[in-house]
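Just below is one structure, and these are the notes that go with it.
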Amino acid sequence: MLTRRTALMGAAVAALIMAAPAVAGPADDLKLPRQKVELVAPPFVHAHEQATKAGPKIVEFKLTIREQEVVIDDAGTKFHAMTFDGSMPGPMMVLHEGDYMELTLVNPATNSMPHNIDLHSATGALGGGALTHVNPGEQVVLRWKATRPGVFVYHCAPEGMIPWHVVSGMHGTVMVLPREGLKDAEGKALRYDKIFYIGENDLYVPKDENGKYKTYETIGESFADTTEVMRKLIPTHVVFNGRVGSLTGKNAMTAKVGETVMLVHSQANRDTRPHLIGGHGDHVWEAGKFNNPPQKDLETWFIRGGSAGAALYTFREPGIYAYVNHNLIEAVELGASAHIKVEGKWNEDLMKQVSPPGPTPPDKVGAADPVAVTR
Amino acid sequence: MLIVMKVKVAMLAGALATPIAATTFTPAPSPQDLDGAQRLVSTSFSYRAAGDFSRNGRPVEGPLHELRLPADLVIMKRQVTAAEYARCVDEGACPRVSTSAGAPNLPVVGVSWHDASAYAAWLSRKTGATYRLPTDEEWTFAAAEKSRDEAMPLVDPTDPAQAWIARYETESARDRPTATAAQPGGTFGTNSNGLDDLAGNVWEWTNSCFVRVSLDGVQERTTNSNCGVRVVQGAHRSYMTDFIRDPRSGGCAAGVPPANLGFRLVMEPSQPTVTAAARNIAKLLRRS
């Protein structure tokens, strides 16, 4: 007879069995030192060495998948997101070429769907996707070797609904740094004082017959309508880090004149073209792969959908910079704008307002009708 | 002859205007008599001039003036509602906007200066009274403690970026309403003048044009006046192109935009006053 007590015991045993793989401990076939990294949410990146003299190691990361309802714009539009670690995009994971990543992917029992992870930086098994399917209540540990330096997208890729998971927020970035650090086209070392990580999300939110965004009780209920919007390929929102205005105002990124900032831009699904208004890309790895020399002095750089790119810039003037997707319709109407607040001393050699706005002198060639000016 | 006559009438009208206004307006009717409007007795108030000010070619804050409106101000207690605006739309006098068919108690939002002006003209025709958008001075007086003077901190005049950063930080530090959707009237409280929802999440159009003023020496000199851009008032002052209905920031516009655009109107001295004035003038002219 099944009593309450035996049922509880059964649950306890089940829990033990489920925990067994974790209890078995990490693989020790590689005799390498281990480093455990605590992840931080974008636009920030966990502390890391830019160049290292140490030998290869195993770097341990843990990503917990969270299905959660989020707000994506100032109008309060609600959206059922699927995320790695609760942020859109998922956190950046940094290691060096030759290191191994040991990734624990956790799918809590509170979730409703199976998930997995395809790491563009990894080799084999669909980027790990084929080896990492986890149902709610399961976890998996995957180890892969970092053989190519660069910034790379990772994303969820469950059969039958890959794009839906990706445009619902399940994507992030891995950065594999060369062991000796970054170099310019001439082989000279490059360093950054700060790194910011921007993930661009194209979101497809269904509308009702009155043009109002629809809300759904559960994420599953939103699937059919969302797919219909997705198939038309026109996003309702194009945002940085999960919502309109996530990197503006109080959340604006900050820097100082003279500081070199690394801006990593990741787009798992759709092409984009970052541009720093009032600044440039001093050194840009447009395709994001550090074995290729960076391009110099770019105004706008192209990020292919399904890739990440990186740009280094040393700020020369203070002020408020806008960092945008330079499809300005997407930047201004759909949300893909961020701000960088840069403190420092104004350099009048680089820019000076020689004469402030004022009436156009009537004797100037091409001057406007003075009547129109003084109306 | 005709010209002389006109001048005479004008002079007489000027001479009569003050006493006539005084007799018609005193004693001031109680707010209930004004059909949702409040009469605010004119007192002095401090006013930070709106526009773009510079001294010796460097941006500075607008000067702070002690002002007094020439007459009492009759202003709507609440912002014009979606239902009120919808009636104007139904009669073909106001352009349809996306929120025209809103709930009766919600302010109309997503309206441009042109939409608001069309409503004022329609309401004036319907009622026989003269309604219009307030000036920025009138709005500031009516808003009283809800009007914020966000003077920029003193900054190094040779470093424009400091002023941008200071302004950006001021705007960013402000609590942004969690919901930007229009809220029922009264949600944002009543001010000391008995007016509702000032500086809530709906900014209000004013009739004041954008001006550029140079303050060289003691002289204020307006160098440009652009009535295609009007002053918008609310939790912070903003300048908005008159056909904009939905303000946004982004791209080069690195500021914090108003959440919504709506309006409330002021009522000019009522028609009977003007009629009475005309009648009196005619009488006087006959006598002379």
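Note that the structure is a prediction, hence the values are computed from the model and not measured.
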B:Val211 and B:Ala50 have their tightest heavy-atom pair at CG2-O, 3.5 Å

With a 4.5 Å limit on heavy-atom distance, are the side chains of B:Arg221 and B:Thr223 in contact? yes

Which answer fits A:Glu343, side chain, backbone, both or neither, if we ask what part of it has an atom under 4.5 Å from a heavy atom of chain B? both

Using the salt bridge (Lys or Arg N to Asp or Glu O under 4.0 Å) criterion, which residues pair with A:Lys78? Sequence neighbours excluded. none

Engaged part of A:Val244 at the chain B interface, taking heavy atoms whose separation is under 4.5 Å: neither

Between A:Ala338, A:Ala252, A:Gly319, which residue shows the highest count of heavy-atom pairs closer than 4.5 Å to chain B? A:Gly319

A:Tyr204: ring pair (Phe, Tyr, Trp, His ring centres under 6.0 Å) partners, not counting sequence neighbours: none

Partner chain A: residue of B:Cys209, B:Ser214, B:Ser54, B:Ala161 with the largest heavy-atom pair count (under 4.5 Å): B:Ala161

